[in-house]
Amino acid sequence: MEKSDIGLIGLAVMGANLARNISGKGFTTLVFNRTVEKMTRYIEEFGNDHLSGKENIEQFVTSLSSPRKIIIMVKAGDPVDEVIQQLIPLLEKNDTVIDCGNSHYHDTIRRSTELQAHGIHFMGCGVSGGEEGALHGPSLMPGGSVECWELMKPVWESIAAKDFSGAPCVSHIGEDGAGHYVKMVHNGIEYAVMQMIAEAYDLLKKAYGLSPDQVADIFDRYGKGKLESYLFEIAVPVLRRKDDEGDGYLIDVILDKAGQKGTGKWTGRDALDRGVSLSTITESVFARINSSEKNLRSVLSKHFQKSNFKTNVSLEEFSRQLESGLYGGMLSAYTQGFELIKKAAEENSWAINLSEIARIWQGGCIIRAKILQFLTEAYKSSEKENPFLLELKEIQNSINSALPDWRAIVSISIQSGIPTPGLTSALQYIDAMTTERLPANLIQGLRDYFGAHSYERTDKKGTFHTDWI
Ligand code: 6PG
């Protein structure tokens with residue numbers, strides 16, 4: 001019997017759709033699932049010449065052509081290690097195991113080292129795009145050796161989404177944990193972008209009294225302009241949806257508590273460890289945490305003064321300013337995310353290309369957006385490798401033209417008492433990074449006063465301490 005090209009373990013919705021995508025592109029795909037009935041039902045429904053399943057893992061492994069390429073798509077964490085432990089005794093040297101889940105990159109580095117000791121290759125591949133993406137074209141962020149990349153390249157390139165120029169949204173990110181690292185930061189940016197979209201909705205709703213449908217009309221317009229993106233596109237039907245169980249809009253009865261699986265928190269924590277400023281992503285994680293305190297917020301809302309500020313800016317003018325502010329906010333969040341990737345790449349010796357990362361996020365993934373085409377080109381046109389975006393003329397021009405509107409909407413939000421931690425922190429990041437003299441001199445003075453921590457001077461080199469008392 002002919003052996004299959006690719007093996008895939010884990011038939012929850014992402015794995016199930018990925019296997020259909022791969023087999024649909026002509027690669028014979030063999031699937032395995034811990035619960036056999038799930039596999040049997042899946043094959044009954046979707047099985048064909050290119051897509052079949054095996055009931056036991058030994059048969060599954062021996063039915064794959066060598067060197068074997070096995071994709072694992074199970075819940076991140078222990079389940080990945082359990083599957084790897086089951087596979088190790090069955091695999092041969094030069095086989096490749098590919099983890100396509102949302103694994104932490106530290107785990108990916110550890111697993112790479114462990115499998116390397118057995119002569120087995122390991123690839124940690126970030127996959128973004130949710131269920132639809134897995135089926136019709138995700139954005140793929142594979143990390144691992146160049147050898148593995150070359151082996152999987154034809155598969156990845158044929159199943160990936162396309163960027164704005166029609167090229168596949170996949171690129172070799174770098175060694176070991178690089179792919180999962182970049183996927184983690186992608187998710188962090190996803191948090192920031194969603195937070196700013198939610199803030200825009202809140203401002204339009206509370207400062208202007210708009211209905212969900214009216215906000216959707218404005219977002220629909222945004223989604224056709226410079227804010228063109230998947231998240232703005234899907235915000236429109238989410239806002240317009242009527243509640244099947246009542247008269248009003250579904251959005252009005254969805255509880256305002258945001259969930260999180262942890263990748264945003266990982267990103268924030270990693271930024272703190274590396275000393276990279278990532279305020280907008282981190283604020284977005286905190287905003288979700290604040291939202292989860294629903295009961296406490298309900299009680300406290302009765303004890304604090306409400307703002308009675310009413311803006312006299314027309315809705316037309318405000319929605320124009322908001323579009324501009326959101327654009328600035330997105331540029332700021334991307335800048336922070338890319339800087340984090342750059343620092344991690346330096347510290348882990350990953351040969352990362354930021355222009356390529358912006359390019360493969362143009363399609364398929366949750367943060368896909370027109371702005372990423374702009375960023376791809378900006379990175380590409382720079383003479384410096386992986387420059388700081390704020391140093392590039394085109395980014396400076398875009399941010400400068402957004403700034404007045406951005407300040408206007410943030411100040412309306414502050415005066416109205418409508419929390420906008422995403423838009424505000426994004427602006428504060430720009431303000432801080434473009435201020436020549438910050439008040440850190442006073443912080444240094446205080447530190448030296450109470451703890452003799454020393455300070456540097458503006459007029460001569462060296463470290464100084466003053467006897468303050
Ligand atoms: C993607 C998504 C995906 C998932 C997030 C949700 O790129 O396809 O990011 O990975 O939807 O993990 O994360 P939260 O539950 O933390 O919002």
Side-chain angles (χ1 to χ4, degrees), residues 105-106 174 178 181-182 184-185 188-189 192 264-286 328-329 331-354 357 375 378-379 382-400 402-404 406-407 410-411 414 421-469:
Y105 77 100
H106 282 155
Y181 190 87
V182 167
M184 175 188 81
V185 179
I189 297 172
K265 180 179 77 182
W266 293 351
T267 317
R269 197 156 59 191
D270 196 81
L272 286 171
D273 286 342
R274 294 186 197 284
V276 175
S277 180
L278 199 80
S279 50
T280 308
I281 291 173
T282 318
E283 281 291 356
S284 306
V285 179
F286 291 141
L331 282 175
S332 175
Y334 277 107
T335 301
Q336 297 168 40
F338 279 115
E339 281 305 293
L340 177 61
I341 293 176
K342 187 160 80 189
K343 186 77 181 295
E346 281 160 15
E347 293 179 357
N348 286 281
S349 308
W350 296 326
I352 266 177
N353 178 335
L354 294 179
I357 292 173
L375 296 181
Y379 273 124
S382 163
E383 280 164 17
K384 209 165 148 189
E385 197 192 342
N386 297 332
F388 182 31
L389 282 172
L390 300 190
E391 286 176 328
L392 305 182
K393 200 78 220 141
E394 52 272 59
I395 305 292
Q396 292 171 355
N397 291 343
S398 296
I399 290 184
N400 278 327
L403 277 173
W406 196 356
R407 292 193 199 291
V410 163
S411 85
I414 289 172
L423 284 162
T424 306
S425 67
L427 177 59
Q428 297 277 299
Y429 173 82
I430 300 296
D431 280 340
M433 292 306 290
T434 58
T435 294
E436 189 178 354
R437 190 151 167 86
L438 288 169
N441 47 339
L442 180 56
I443 295 175
Q444 286 300 77
L446 297 173
R447 289 177 71 244
D448 192 55
Y449 185 108
F450 65 68
H453 292 298
S454 79
Y455 55 88
E456 292 173 277
R457 292 180 57 101
T458 56
D459 52 355
K460 52 183 172 186
K461 288 216 173 308
T463 320
F464 302 89
H465 167 62
T466 297
D467 196 0
W468 296 92
I469 304 162

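- Salt bridge present: K342 and E339 bring a charged side-chain N and a carboxylate O closer than 4.0 Å.
- Take K384 and apply the salt bridge (charged side-chain N to carboxylate O under 4.0 Å, His left out) test, not counting sequence neighbours, and it matches E391.
- Rounding to the nearest 0.5 Å gives a distance of 9.0 Å between CG of L390 and CD of Q336.
- Note that OH of Y334 and CD1 of I281 are 10.0 Å apart. Values are rounded to the nearest 0.5 Å.
- Between T466 and Y449, every side-chain heavy-atom pair lies at or beyond the 4.5 Å cut-off.
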Before you tell me yes or no, could you show the steps for L278 and Y429 under side-chain contact (heavy atoms from CB on, under 4.5 Å), namely the whole-Å CA-CA distance, both residues' side-chain angles and the distance that decides it to 0.1 Å? CA-CA 8 Å; L278 199 80; Y429 173 82; over 6 Å; no
Test side-chain contact (heavy atoms from CB on, under 4.5 Å) applied to Y181 and N348, step by step: CA-CA 11 Å; Y181 190 87; N348 286 281; 5.8 Å; no
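- When all heavy atoms of A271 and L340 are compared, the closest pair comes out as CA-CD1, 3.7 Å.
- Once rounded to the nearest 0.5 Å, the distance linking OG1 of T434 with CD1 of I399 reads 8.5 Å.
- Counting only distance, with no hydrogens or angles, the side chain of W406 and the backbone of L423 share a donor-acceptor pair below 3.5 Å.
- More than 12 heavy atoms of other shown residues, nucleotides or ligands fall within 6.0 angstrom of atom OH in Y455.
- Using a 4.5 Å heavy-atom cutoff, the side chains of I395 and L375 are in contact.
- T280 places a side-chain N or O within donor-acceptor distance of the main-chain N or O of A426, the cut-off being under 3.5 Å.
- Taken to the nearest 0.5 Å, the CG atom of N441 stands 9.5 Å off from the CG atom of L446.
- Salt bridge status for D431 with R407: present, with a side-chain N to carboxylate O gap under 4.0 Å.
- Put simply, OG1 on T267 and CD1 on I189 are 8.5 Å apart, with the number rounded to the nearest 0.5 Å.
- Closest approach of A378 and E394 over heavy atoms only: CA-OE2, 3.5 Å.
- Taking every heavy atom of both residues into account, S279 and S425 meet most closely at OG-O, 3.7 Å.
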Evaluate side-chain contact (heavy atoms from CB on, under 4.5 Å) for L389 paired with L331, printing each intermediate quantity in order. CA-CA 9 Å; L389 282 172; L331 282 175; over 6 Å; no
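- A distance of 10.0 Å separates CG of N386 from CD1 of I341, quoted to the nearest 0.5 Å.
- Looking only at distances, no side-chain donor or acceptor of S332 sits under 3.5 Å from a matching main-chain atom of L427.
- In this structure, I352 and V182 have side chains that are in contact, with non-hydrogen atoms separated by less than 4.5 Å.
- When only modelled atom types and interatomic distance are considered, Y105 and D270 share a side-chain donor-acceptor pair under 3.5 Å.
- Applying the 6.0 Å contact sphere to CD of Q396 captures more than 12 heavy atoms from other residues, nucleotides or ligands.
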Please determine whether side-chain contact (heavy atoms from CB on, under 4.5 Å) holds for the pair R437 and T458, giving the CA-CA distance in whole Å, both sets of side-chain angles, and the decisive distance to 0.1 Å. CA-CA 11 Å; R437 190 151 167 86; T458 56; 3.7 Å; yes
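- Of the residues listed (Q444, E456, R457), the one engaging F464 in a side-chain contact (heavy atoms from CB on, under 4.5 Å) is R457, and it is the only one.
- Listed for the K343 side chain is no donor-acceptor partner under 3.5 Å among the backbone atoms of V276.
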